[in-house]
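Numbers restart at 1 for each chain; the letters A, B, ... are given by sequence-line order, proteins then strands. Please read these numbers as outputs of a predicted model, since none were measured by experiment.
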Number of protein chains: 2
Amino acid sequence: MSVSSFDPRATPTGAYRPGRIRDENLNTIMSAAAAEFVQHGYRGASIQRIADRAGLPKANVHYYFPRKTHLYQSVLKEIVALWNSELDELQVDDDPAQALARFIRSKVRLSFLHPTASKLFALEIISGAPNLQAYLSGELREWVAARAGVVQAWIDAGRMRPVDPLQLIVSIWATTQHYADFDEQVLKLMGKRRYDAAAMEQIADFLTDLILTGCGLEPPVS
Amino acid sequence: MSVSSFDPRATPTGAYRPGRIRDENLNTIMSAAAAEFVQHGYRGASIQRIADRAGLPKANVHYYFPRKTHLYQSVLKEIVALWNSELDELQVDDDPAQALARFIRSKVRLSFLHPTASKLFALEIISGAPNLQAYLSGELREWVAARAGVVQAWIDAGRMRPVDPLQLIVSIWATTQHYADFDEQVLKLMGKRRYDAAAMEQIADFLTDLILTGCGLEPPVS
DNA sequence: TAAAAATCTGGCCGTTTGGTCGAGATTTGG
DNA sequence: CCAAATCTCGACCAAACGGCCAGATTTTTA
């Protein structure tokens with residue numbers, strides 16, 4: 001939820017520069033909004049409470065985001081961009097075990113690092129995805145189809161057990177996402193307060209082991 | 001979302017009997033409420049819209065559920081009861097492959113049969129589970145611990161590959177739940193409008209195959 | 001330093017919210 | 001068939017809602 005660390009307007013002195021205030025407030029408000037949207041949903045979120053979370057008067061929020069919809073869609077857009085940019089690729093030339101292990105690990109890390117983003121995305125889809133229809137049938141569909149194609153190529157080349165490639169991607173998505181979205185539930189089951197580095201390793205190891213073995217692959221020693 | 005089919009007050013003639021109107025309205029309202037809560041969350045749900053969905057005046061909803069919280073908690077309670085009653089068991093004496101396959105299948109069927117219930121449960125947990133804290137650290141925790149114990153016994157007896165039993169249960173929960181909760185997303189990826197019987201079979205087969213193989217078990221031919 | 005642009009914010013508006021009330025209609029057991 | 005219990009529902013209320021505006025303040029440009 002932070003602006004790119006490279007900003008052409010940055011000055012060594014940190015002095016005022018155009019847009020600095022704007023960028024800061026935009027980030028503050030969007031972070032506050034994401035938390036509020038996750039807790040109460042789009043309709044249940046209150047601009048007054050978002051303003052309180054951000055430490056700003058309500059009218060100031062409306063100065064940057066005249067309508068609630070704009071704010072919500074901005075937050076959602078940022079999440080989609082984050083997911084698109086940070087997720088590992090799968091290449092036909094890669095070793096299936098290595099590539100899948102790396103893919104699972106990057107998805108686990110992403111989920112653990114941005115739980116609020118993950119939850120808001122989940123919320124939107126569970127509620128019928130009124131703002132993501134185009135994304136789901138467009139970008140995401142092609143993204144998944146491409147990865148499924150790679151898996152299919154591996155299978156055709158006899159480099160892994162034949163499993164439905166689409167369902168495999170969906171299952172990786174489902175399990176990794178689950179730990180972020182349902183952290184309240186999973187942490188209670190694990191008897192922990194919050195995830196630590198060890199727990200994250202344990203979970204990444206488990207998922208890699210289960211899924212790779214399920215694909216008839218030897219999990220690489222990490 | 002329907003009342004127990006066995007009702008001691010039932011009469012062969014179907015004539016009026018005490019509580020008949022009440023039972024009917026209770027069910028109508030709770031179904032309408034579940035749909036509204038899934039679409040807009042607790043805070044975003046409007047009693048007026050719930051009344052509209054149920055085809056009743058708003059004041060009539062308040063007659064049965066004086067406060068919004070009561071209505072929400074009633075719906076949640078019903079879902080938890082449904083989950084508790086319909087899920088298959090795991091017994092130490094069972095054959096691991098058979099038992100796990102049956103467990104996965106029953107969870108898939110439950111998710112596909114009650115998507116709204118599944119979604120509302122997910123929503124509550126993602127939003128911080130303010131109404132399920134006791135359930136998560138109590139009943140559910142013991143339920144999961146018992147099943148994990150059975151899996152551990154199987155492992156100790158050398159009847160399956162050693163995997164973290166808790167994470168295994170969580171992963172089964174995650175994948176099966178995902179198909180119900182994220183149906184909007186999964187259906188778009190599969191290029192379908194809605195799940196049919198064939199799709200449900202395909203998904204249950206895939207999950208059984210992936211997870212059982214991942215546990216070093218031979219998936220039973222179904 | 002003066003003008004211009006950007007930012008800030010208290011107060012206001014019409015609408016929707018959860019919830020109340022009480023009078024009237026319906027259903028029930030006796 | 002009647003009195004009691006149950007159910008129906010339009011009208012109403014205070015609070016919270018999203019959004020608007022105009023004047024005050026700060027920051028940037030020239």
Side-chain angles (χ1 to χ4, degrees), chain A residues 3 7-11 13-30 32-34 36-37 39-76 130-131, chain B residues 3 7-30 32-37 39-76 130-131:
Chain A
V3 109
D7 187 330
R9 288 164 307 191
T11 62
T13 66
Y16 286 126
R17 62 208 142 87
R20 202 206 56 154
I21 296 178
R22 188 172 192 85
D23 285 351
E24 264 176 23
N25 283 340
L26 245 38
N27 280 332
T28 309
I29 293 171
M30 284 171 75
E36 171 78 6
F37 284 135
Q39 205 170 351
H40 299 299
Y42 171 70
R43 214 149 197 159
S46 132
I47 294 183
Q48 180 65 66
R49 273 194 304 266
I50 293 174
D52 290 347
R53 283 181 200 254
L56 296 171
K58 188 180 72 158
N60 207 350
V61 173
H62 268 115
Y63 171 71
Y64 289 102
F65 297 95
R67 337 230 131 236
K68 199 185 183 183
T69 316
H70 297 356
L71 175 51
Y72 183 72
Q73 278 161 353
S74 296
V75 174
L76 217 53
N131 293 281
Chain B
V3 108
D7 186 331
R9 288 165 305 193
T11 62
T13 66
Y16 282 131
R17 60 213 144 87
R20 203 207 55 154
I21 295 178
R22 186 172 193 86
D23 286 350
E24 263 176 24
N25 283 340
L26 245 38
N27 280 330
T28 309
I29 293 171
M30 284 172 75
E36 171 77 6
F37 283 135
Q39 204 170 355
H40 300 299
Y42 171 71
R43 213 151 198 156
S46 136
I47 294 184
Q48 181 62 67
R49 273 194 303 266
I50 293 175
D52 291 346
R53 283 181 200 254
L56 296 170
K58 189 180 71 157
N60 206 350
V61 173
H62 268 115
Y63 171 73
Y64 290 102
F65 298 95
R67 336 234 132 230
K68 198 185 183 182
T69 317
H70 298 354
L71 175 51
Y72 183 72
Q73 278 161 353
S74 296
V75 174
L76 217 53
N131 295 282

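The separation between Tyr72(B) atom OH and dG18(C) atom P is 15 Å, rounded to whole Å. Gln48(A) has its CD atom 10 Å from the P atom of dG10(C), to the nearest Å. Atom CG in Asp52(A) sits roughly 12 Å away from atom P in dA16(D) (whole-Å rounding). Distance, His62(A) NE2 to dG18(D) P: 7 Å, rounded to whole Å. One interatomic measurement links the two molecules: CD1 of Ile50(A) to P of dC17(D), which rounds to 11 Å at whole-angstrom precision. Rounded to whole Å, atom C1' of dT7(C) lies 13 Å from atom CG of Leu26(A).
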* Begin from the C-alpha positions of Phe37(A) and Leu71(A) and carry the test side-chain contact (heavy atoms from CB on, under 4.5 Å) through to its verdict. => CA-CA 10 Å; Phe37(A) 284 135; Leu71(A) 175 51; 4.2 Å; yes

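In this structure, Lys68(B) contributes its side chain and Arg43(B) its backbone to a donor-acceptor pair below 3.5 Å. Judged by distance alone, the side chain of Lys58(A) and the main-chain N or O of Arg49(A) form no donor-acceptor pair under 3.5 Å.
Distances shown here put a side-chain N or O of Arg49(B) below 4.0 Å from the OP1 or OP2 atom of dT17(C). Phosphate contact (OP1/OP2 of dC20(D), side-chain N/O of Arg67(A), threshold under 4.0 Å): present.
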Quick test: give all pairs of protein nitrogen or oxygen and nucleotides 6-13 of chain D nitrogen or oxygen below 3.5 Å, distance rounded to 0.1 Å.
| from | atom 1 | to | atom 2 | distance (Å) |
| --- | --- | --- | --- | --- |
| dC7(D) | OP2 | Arg22(B) | NH1 | 3.0 |
| dC7(D) | OP2 | Tyr63(B) | OH | 3.0 |
| dT8(D) | OP1 | Asn25(B) | ND2 | 3.3 |
| dT8(D) | OP2 | Asn25(B) | ND2 | 3.2 |
| dT8(D) | OP2 | Asn60(B) | OD1 | 3.0 |
| dT8(D) | OP2 | Asn60(B) | ND2 | 3.1 |
| dT8(D) | OP2 | Tyr64(B) | OH | 3.2 |
| dT8(D) | O5' | Asn60(B) | ND2 | 3.4 |

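Donor-acceptor pairing under 3.5 Å is recorded for the side chains of Asn25(B) and Tyr64(B).
Among the protein residues, Ala51(A) comes within range of no part of the nucleic acid, since none of its heavy atoms lies under 4.0 Å from any strand.
Here the side chains of Arg53(B) and Glu36(B) are in contact, with some heavy-atom distance below 4.5 Å. Contact of the Met30(B) side chain with the Ser74(B) side chain is registered, since non-hydrogen atoms from C-beta on lie closer than 4.5 Å.
In the set dC17(D), dT17(C), dG19(C), dG19(C) carries the atom at the smallest distance from any side-chain atom of Lys68(B).
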